J.: 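The structure is given below, and queries will be raised subsequently.
Note that this is a predicted model, so its numbers are computed, not measured.
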Amino acid sequence: MEALNISHFILLCAICPNFVVLFSAFPCFAFTSFVFGDSLVDAGNNDYIFTLSKADSPPYGIDFKPSGGRPTGRFTNGRTISDIVGQALGAKSFPPPYLAPNTQANSILKGINYASGASGILDETGVLFIGRVPLREQVNNFEESRYDMVKIMGENKTREFLKKAIFSVTIGSNDVLNYFQPTIPFFGDDKVSPSMFQDFMVSNLTIQLKRLHELGARKFVVVGVGPIGCIPFIRAIHLLPSGQCFAEVNELIQGYNTKLNGVLDQLNQELGPEAIFVYANSFDIFTKIIVNYHQYGFTNANGPCCGGYFPPFVCFKSRDASRSSALCDDRSKYVFWDAYHPTEAANMIIAEGLLDGDESISSPINIRELYNYNS
C-alpha cells in the first residue's frame, strides 16, 4: 500500500469502525503496541547495529514459527513475552523492529518495537557490548515515529490513535547486572550505594515515562526487574550450588521494584484517569516458576537449554556439529533458554500471569483490563 492509501485507511478506521465490514481485505488493527526495553523484548533491532549483543544466528528462533525457525534477533528460542501478550489480545502480526529497513512505511497500524539487547535505563549501561540503544534513545526514536504519524494522519488523529495503543517498557536488568560487575567503567570501585542506585534508576525511568506521556501515550505497562540473582550466568560466576540464587542481587532488585511501583502509583494519581500506568510484577511470577518448576512441567530451572553451564555460555550452532554449543533435547522442559533469558515456555507462563493476574501480579489492573480500558 502506498502512503496515501495508508493514510486514507487509517482515517477511515479511526472515524468509522464499520469500515472494516466494507473492506474486510484490509482489517483495522484492533491491537497496537509500542515496545521499549532490552533483550527480553528485542525483536531484532540489534541486528542492524554494530554490537556484541546479537541473537542473529541459530539456534536462536528455532521455535519461532513465523520465521520457520530462523533467527529473528529475539534472544530466545521462540516468542518474547510481548509477542505472546500481543497475540492473546488479537494482534495478527508482531510490531517490527524500528531499525529494520522500511519499518516506518507499513508499521503504524500494528506498532513498532524499539527494544535493544544490552540496553538499560542509564545511557552508560551495556558499554562493553559497544552498540545498543538506551531507553532515552528509544524514546527519541518513538518521537521520530510520531512525527511520521502526524504527517500521515494529522495531530488530532495521531492523538486518538495513541490513546488506544499499549506502551510497554521492560528494562532495568542490564543496569543491575552492570552495577554488580566491577569491570564496568561507569560504576568503578566508588559506585553509589544500592539505595542511591535504585533511586537513580527510578528517576531516570520516570523521566522517560513522562516524555512518552507528553508524546501521547496513555496506556502503560511497566515491567519490574525479574530475579536476576537466579539466572544461570549469576549462579555460575558466583559458584552457587544448584537451586540457590544470589541474594544480594535479588534484594537490590526488590528494593528497586518497590520504589518503581510507588512512583507508578503517584503517576496514576497525577495523570489519571486519562492515563494509566500498570506495574507488572515479573519478579514474583518468575520466582514462583523457578521455585516450583516441577508444577509447571519443567525439569530444569538451573542451567540454560543452550550454551552449557560454564563460561562463556555462548549459544550458537555451527555447520560443524562438533563446534556447536550444548543444546537440550526438549526446550519446553527448561526455564532458561541461555544464560540470561527465559525459554518461550517460561515466557508463556509469565505472559499469562500479566494478562489475567490479580493485583499481586499486575496493578492496579491487569493487561487484558488495560487493553479494554477507556478513560
Side-chain angles (χ1 to χ4, degrees), residues 35 37-49 51-88 91-97 99-100 113 115-118 129 132 170 173-174 226 230-233 235-236 282 286 289-290 293 296-352:
V35 181
D38 53 31
S39 58
L40 291 171
V41 290
D42 188 346
N45 280 300
N46 276 25
D47 287 357
Y48 301 97
I49 60 177
T51 177
L52 300 178
S53 178
K54 282 183 182 288
D56 61 349
S57 60
Y60 285 95
I62 190 172
D63 298 307
F64 192 74
K65 294 180 180 178
S67 70
R70 294 185 299 275
T72 63
R74 289 168 169 82
F75 288 76
T76 184
N77 59 305
R79 294 168 296 167
T80 66
I81 294 170
S82 60
D83 290 333
I84 297 165
V85 167
Q87 284 187 318
K92 302 303 180 185
S93 60
F94 304 114
L99 295 178
N113 185 305
S116 170
F129 290 94
R132 74 274 182 222
T170 306
S173 297
N174 293 316
C230 301
I231 65 174
F233 171 77
R235 283 170 160 167
S282 64
F286 203 33
I289 294 172
I290 293 170
Y293 64 96
Y296 292 95
F298 296 109
T299 59
N300 191 312
N302 290 294
C305 169
C306 183
Y309 289 77
F310 305 101
F313 307 107
V314 179
C315 176
F316 70 98
K317 183 178 181 181
S318 171
R319 292 180 180 177
D320 178 2
S322 65
R323 294 181 55 230
S324 298
S325 62
L327 183 65
C328 66
D329 294 329
D330 189 346
R331 297 175 288 278
S332 69
K333 299 299 183 182
Y334 275 65
V335 173
F336 292 99
W337 164 245
D338 60 15
Y340 302 90
H341 308 98
T343 57
E344 181 184 74
N347 283 339
M348 288 178 65
I349 297 169
I350 298 168
E352 289 166 4

J.: Quick one: closest heavy-atom pair of Ala339 and Pro232, and the distance?
T.: O-CD, 3.3 Å
J.: For Phe286, give me all partners under ring pair (Phe, Tyr, Trp, His ring centres under 6.0 Å), at least two apart in sequence or on another chain.
T.: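 Only Phe336 meet the ring pair (Phe, Tyr, Trp, His ring centres under 6.0 Å) criterion with Phe286.
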J.: Find the distance between OG1 (Thr51) and CG (Asn46) and round it off to the nearest 0.5 Å.
T.: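 Between atom OG1 of Thr51 and atom CG of Asn46 there are 5.0 Å.
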J.: Going by salt bridge (Lys or Arg N to Asp or Glu O under 4.0 Å), name the residues that satisfy it together with Asp63, two or more places apart in sequence or in a different chain.
T.: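 For Asp63 the salt bridge (Lys or Arg N to Asp or Glu O under 4.0 Å) partners, ignoring immediate neighbours, are Arg331.
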J.: Scan residues 63-83 for pairs that pass ring pair (Phe, Tyr, Trp, His ring centres under 6.0 Å), counting only residues two or more places apart or in two chains.
T.: Phe64-Phe94, Phe75-His341
J.: Out of the candidates Thr76, Asn77, Asp338, only one should pair with Tyr60 under the side-chain hydrogen bond (donor to acceptor under 3.5 Å, both in side chains) rule; please name it.
T.: Asp338
J.: Under 2.5 Å between the SG atoms of Cys305 and Cys328?
T.: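 Taking the criterion (SG atoms under 2.5 Å apart), Cys328 and Cys305 satisfy it, so yes.
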J.: Please name all residues satisfying side-chain hydrogen bond (donor to acceptor under 3.5 Å, both in side chains) with Ser53, sequence neighbours left out, ordered by chain then number.
T.: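 For Ser53, no residue satisfies side-chain hydrogen bond (donor to acceptor under 3.5 Å, both in side chains) once neighbours in sequence are set aside.
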J.: For Leu99, which residues count as a side chain to side chain contact (heavy atoms under 4.5 Å, CB included) partner, sequence neighbours excluded?
T.: Asn45, Tyr48, Ile49, Val133
J.: Taking salt bridge (Lys or Arg N to Asp or Glu O under 4.0 Å) as the test, write out the residues that go with Asp83, two or more places apart.
T.: Arg74
J.: Check whether any side-chain N or O of Asn113 sits under 3.5 Å from a backbone N or O of Val41 as a donor-acceptor pair, and report yes or no.
T.: yes
J.: Using the test ring pair (Phe, Tyr, Trp, His ring centres under 6.0 Å), find all partners of Tyr334 that sit at least two apart in sequence or belong to another chain.
T.: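 With sequence neighbours excluded, Tyr334 shows a ring pair (Phe, Tyr, Trp, His ring centres under 6.0 Å) to no residue whatsoever.
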J.: Does some side-chain heavy atom of Pro59 sit less than 4.5 Å from a side-chain heavy atom of Cys306?
T.: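 The answer is yes, as the side chains (C-beta and beyond) meet within the 4.5 Å cut-off.
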J.: Quick one, Leu40 and Pro342 - any side-chain contact, counting heavy atoms below 4.5 Å?
T.: yes
J.: Just jot down the side-chain hydrogen bond (donor to acceptor under 3.5 Å, both in side chains) partners of Asp56, sequence neighbours excluded, or say none.
T.: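 Here no residue qualifies.
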J.: Looking at residues at least two apart in the chain, or sitting in another chain, which of them share a side-chain hydrogen bond (donor to acceptor under 3.5 Å, both in side chains) with Tyr340?
T.: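 Tyr340 satisfies side-chain hydrogen bond (donor to acceptor under 3.5 Å, both in side chains) with no residue once adjacent residues are dropped.
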J.: Could I get the full list of salt bridge (Lys or Arg N to Asp or Glu O under 4.0 Å) partners for Arg132, not counting sequence neighbours?
T.: none
J.: For the residue pair Gly226 and Ser282, what are the closest heavy atoms and their distance?
T.: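 Taking every non-hydrogen atom into account, N-OG, 3.7 Å.
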J.: Can you give me the closest heavy-atom contact between Phe313 and Ala236, atom names plus distance?
T.: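 For Phe313 versus Ala236, the nearest heavy atoms are CZ-CB, 3.3 Å.
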J.: If the condition is salt bridge (Lys or Arg N to Asp or Glu O under 4.0 Å), which residues does Arg235 pass it with, not counting sequence neighbours?
T.: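 Here no residue qualifies.
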J.: Among side-chain atoms of Ser116 and Asp42, is any donor-acceptor pair under 3.5 angstrom?
T.: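 Per modelled atom types, Ser116 and Asp42 side chains form no pair under 3.5 Å.
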J.: When rounded to the nearest 0.5 angstrom, what distance separates CD1 in Ile81 from CD1 in Ile349?
T.: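 Between Ile81 CD1 and Ile349 CD1, I get 11.0 Å after rounding to 0.5 Å.
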J.: Would Ile350 and Ile289 count as a side chain to side chain contact (heavy atoms under 4.5 Å, CB included) if you check the C-alpha gap in whole Å, the side-chain angles of each, and the deciding distance to 0.1 Å?
T.: CA-CA 9 Å; Ile350 298 168; Ile289 294 172; 3.9 Å; yes
J.: In chain order, what residues pass the side-chain hydrogen bond (donor to acceptor under 3.5 Å, both in side chains) check against Gln87, with sequence neighbours excluded?
T.: Arg79
